[in-house]
Protein chains: 2
Amino acid sequence: MQYPASWLQGASLGEKIACELRLKIVSGTIKPNTILSENQIADEFGTSRSPVREALKTLFTEGLIRLERMGAVVLGLTSKDIEEIYDVRFFIETFILERLSKVQHENLVTALNQIIDKMEMAAKHHDFIEFAYQDLHFHEIMILEGDHTRILHLWNNIRHIVLAALLVATEKRFTAETHEIKPLIDKHRLIVSALVLNDSSYMKQVIQKHFEDTRHTVNNTVLTHKVHEK
Amino acid sequence: MQYPASWLQGASLGEKIACELRLKIVSGTIKPNTILSENQIADEFGTSRSPVREALKTLFTEGLIRLERMGAVVLGLTSKDIEEIYDVRFFIETFILERLSKVQHENLVTALNQIIDKMEMAAKHHDFIEFAYQDLHFHEIMILEGDHTRILHLWNNIRHIVLAALLVATEKRFTAETHEIKPLIDKHRLIVSALVLNDSSYMKQVIQKHFEDTRHTVNNTVLTHKVHEK
DNA sequence: GAGGATAATGTTGTATACAAGTACACAATA
DNA sequence: TATTGTGTACTTGTATACAACATTATCCTC
């Protein structure tokens, strides 16, 4: 599985390398405990060590690798990691929705509905990359609307990981024809409807359910994917 | 105000530069909207651009600067930022305490009490640096005990900022002789007692109160400090 | 053959060099 | 005067070079 080239338009070599490595780590192509050296990666990508250093630092702050004196150790995503990421996502979104409930958010609702339309369109065309991207986008514009710089930073810290995991999981869902796509879209609709009703406890409940389900799916797909690649 | 040299033992130039710059930004010595160039900083510190780049990337992921094409723009800590950081700290600690309540934590309690003793000692010797460090340490070992990798990452993302803010605020508190030190120590004792009682709703309440008070103090000290330096 | 000194290799951290692009001043021109 | 073109200085992104240290292999000694 390759990182979509169009998403890397205008990105520096360092960012590109980070994205490629991240996807390989999340998808399990690069397995945990693998030791990455800057020279080796620089050779693989045909670049110098400078952008590689930048990429490794990025992956380190995301918690995907551990920087040691000699080499970077790949940590990867364990089942526990995925649970934990959803803990954080749950917090972020409930916090943000709580905030949004105190504020005008009509524009947001229409924007979210537009995104859901795009998701349906992507599903129809079996474009899992677009679907995953819109899925991410849905949650992201909600967070952006929350206007909380620090929460946004938390999100940015896990954003790329979530995107990579969504890519892997969505591809799996699409190819497996498990017919989980429609329910997934419906769940997003439910979030919007909760936002319209402006009932914060209902929002929390919907979000909780959404992440509970998604977590299980992602957990299964990402982890079984890892086994496949073994 | 200088970053304590002993804390930089064994750190790379990049980390040292990051720490020095961070403190200057948080304390307001470097004011918001200042534009930092890699060359300029490299000259100031007498190093090459390589470690400076590393430092700037660190400060960027911490949200203290914004990396643009020409130069890095200093963002600094506004009053809103401080509020937001305490939102995150409140979430982290309530989440962690909720987890700890389901688990044996006698060792943690004794460790926390030891730290409070060190805080009292530091207060007696008017050692505000040690006091600030132990204050940070108190919260940190609680978070570590929570055994939640992703939350720990959130913490690591704000840890250095919190430390810098604590340094500035604690110095102010000590020199102003505002007699706020004893109540502050007592608040930490209260957290420990809540932990001992193992009543999670009480914990939440205590933490909320703790951060509410501390937020106000830090907000005042850090921001007035900025005005002073103007 | 076993163990230890030692050389070779590989690693990171830092410095320097170069290339591509941007902003800005300044002059020439309409 | 306003505008446009140009040169210059500065910026980042990347490549390369070097130093200090860690690891590993080798060879020598026993």
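What you see below is based on every heavy atom in this structure, not just the backbone, and it leaves out hydrogens, waters and symmetry mates. Letters go in sequence order (proteins before strands), and every chain restarts at 1. A quick note: this is a predicted structure, and the numbers were derived from the prediction, not measured.
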query = Should the pair His210(A) and His188(A) be assigned to parallel (<30°), tilted (30 to 60°) or perpendicular (>60°) ring geometry?
reply = perpendicular
query = How would nucleotides 6-18 of chain D be written as a contact map, 5' to 3', with B for base contact, S for sugar-phosphate-only contact and - for no contact, using protein heavy atoms under 4.0 Å?
reply = -----SBBBBBB-
message = Whether the Glu106(A) and Gln104(A) side chains hold a donor-acceptor pair (N or O, under 3.5 Å, no angle test) is what I'd like checked.
response = yes
ask   = Hey, are Thr61(A) and Lys57(B) close enough side-chain-wise for a donor-acceptor pair under 3.5 Å?
value = no
ask   = Hey, are the side chains of Val88(B) and Trp155(B) touching, using non-hydrogen atoms and a 4.5 Å cut-off?
value = no
key: Ile207(B) vs Ile191(B) side-chain heavy atoms within contact, under 4.5 Å   = yes
